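Comments concern the structure below.
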Amino acid sequence: IRNIPNRYTQRELIAELEDLGFASTFDFLYIPLDKGTMSNVGYAFVNFARPEWAQKCMDAFQNYRFKRHRKTSGKIAQVSVAHLQGLEANLAHYEKAAVNTAKLKQCRPVVMANISANLANLVVGPQENDKE
């Protein structure tokens, strides 16, 4: 997600995604921060557990104006497909990155994986598990 107002925090972006109906649909979020200002740099990486949720996010954020910090930012969101795809690829990429050992938690990537759901998908299969 690009063109995020620089004052947005990880929590605010997560709350905005949840308000738009994306609660429990993504398992990874990283919003890089500028070390000098501690503000975000205007984009975030979000990994959705299912491709259809990624598409719904792209649709929802088309010409979207962020709800918070509107007076200081008139940014319109843009969404593009990331080079890294999947929770495992993101975890492997950031595993040894400096941001992963940052003292402040808000500087680190956020892993929101629902381990029990992931295990059920591995054992039962995603289609059968989704019928519940």
Side-chain angles (χ1 to χ4, degrees):
I1 302 172
R2 293 180 290 163
N3 292 336
I4 299 170
N6 299 96
R7 296 179 72 187
Y8 260 61
T9 64
Q10 281 183 343
R11 285 185 181 169
E12 289 173 328
L13 182 59
I14 290 168
E16 189 124 5
L17 285 163
E18 290 175 345
D19 290 348
L20 289 169
F22 294 106
S24 301
T25 64
F26 57 98
D27 51 18
F28 180 88
L29 182 138
Y30 175 47
I31 184 167
L33 299 181
D34 179 284
K35 290 180 185 177
T37 64
M38 292 307 290
S39 295
N40 80 66
V41 295
Y43 59 88
F45 299 99
V46 182
N47 186 73
F48 289 90
R50 311 274 306 208
E52 55 269 22
W53 283 108
Q55 184 59 54
K56 287 178 184 181
C57 178
M58 291 180 84
D59 295 342
F61 276 91
Q62 184 71 31
N63 295 316
Y64 180 80
R65 286 196 63 204
F66 290 93
K67 302 292 184 223
R68 294 163 179 85
H69 310 295
R70 287 186 116 170
K71 292 180 181 176
T72 57
S73 173
K75 291 185 175 182
I76 306 290
Q78 291 184 339
V79 179
S80 56
V81 178
H83 296 289
L84 287 176
Q85 294 294 310
L87 176 62
E88 291 79 14
N90 278 286
L91 292 177
H93 178 76
Y94 289 104
E95 182 179 24
K96 294 182 179 159
V99 298
N100 207 34
T101 58
K103 289 180 183 177
L104 297 173
K105 286 186 179 180
Q106 64 263 32
C107 295
R108 298 181 198 163
V110 177
V111 178
M112 303 177 75
N114 181 336
I115 292 172
S116 61
N118 287 338
L119 286 175
N121 283 339
L122 290 174
V123 175
V124 178
Q127 288 77 25
E128 295 159 18
N129 189 44
D130 288 346
K131 292 178 184 174
E132 295 176 3

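Just so you know, these numbers come straight off a predicted model, no measurement behind them.
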request  = Locate the shortest heavy-atom distance separating Phe66 from Tyr64; write the atom from each residue and the value.
outcome  = CA-CE2, 3.7 Å
request  = Verify the ring-centre separation between Phe22 and Phe48: is it less than 6.0 angstrom?
outcome  = yes
key: Minimum heavy-atom distance Asn40-Asn6, with the two atoms named   = O-ND2, 2.8 Å
task = Mind running side-chain hydrogen bond (donor to acceptor under 3.5 Å, both in side chains) on Tyr8 and Glu16 for me, showing each step along the way?
result = CA-CA 10 Å; Tyr8 260 61; Glu16 189 124 5; 2.4 Å; yes
ask   = Which pair of heavy atoms, one from Ser80 and one from Arg2, lies closest together, and at what distance?
value = OG-NE, 3.7 Å
Worked check of side chain to side chain contact (heavy atoms under 4.5 Å, CB included) between Gln78 and Ile1 = CA-CA 6 Å; Gln78 291 184 339; Ile1 302 172; over 6 Å; no
key: Close side-chain approach of Phe26 and Ile14, heavy atoms under 4.5 Å   = yes
inquiry  = A side-chain contact here means heavy atoms from C-beta on lying under 4.5 Å apart; do Leu33 and Val41 qualify?
reply    = no
key: Atom pair CE/OG1 of Met38 and Thr9 - distance to nearest 0.5 Å   = 11.5 Å
Distance in Å, Arg68 CZ paired with Arg11 CZ, rounded so as to fall on 0.5 Å steps = 12.5 Å
ask   = Is there side-chain contact between Leu20 and Phe61, with heavy atoms separated by less than 4.5 Å?
value = yes
key: Euclidean distance, Glu12 CD relative to Asp19 CG, rounded to 0.5 Å   = 11.5 Å
Nearest non-hydrogen partners of Pro32 and Ala44, listed with the distance = CD-CA, 4.5 Å
request  = Report yes if some heavy atom in the side chain of Thr25 is under 4.5 Å from a heavy atom in the side chain of Arg50; otherwise report no.
outcome  = no
ask   = Do the non-hydrogen side-chain atoms of Leu29 and Gln10 ever get within less than 4.5 Å of each other?
value = yes
ask   = Hey, does Ile76 have a side-chain heavy atom less than 4.5 Å from the side chain of Asn3?
value = no
task = Provide the closest heavy-atom pair for Leu17 versus Cys57 in the form atom of the first, atom of the second, distance.
result = CD2-SG, 4.5 Å
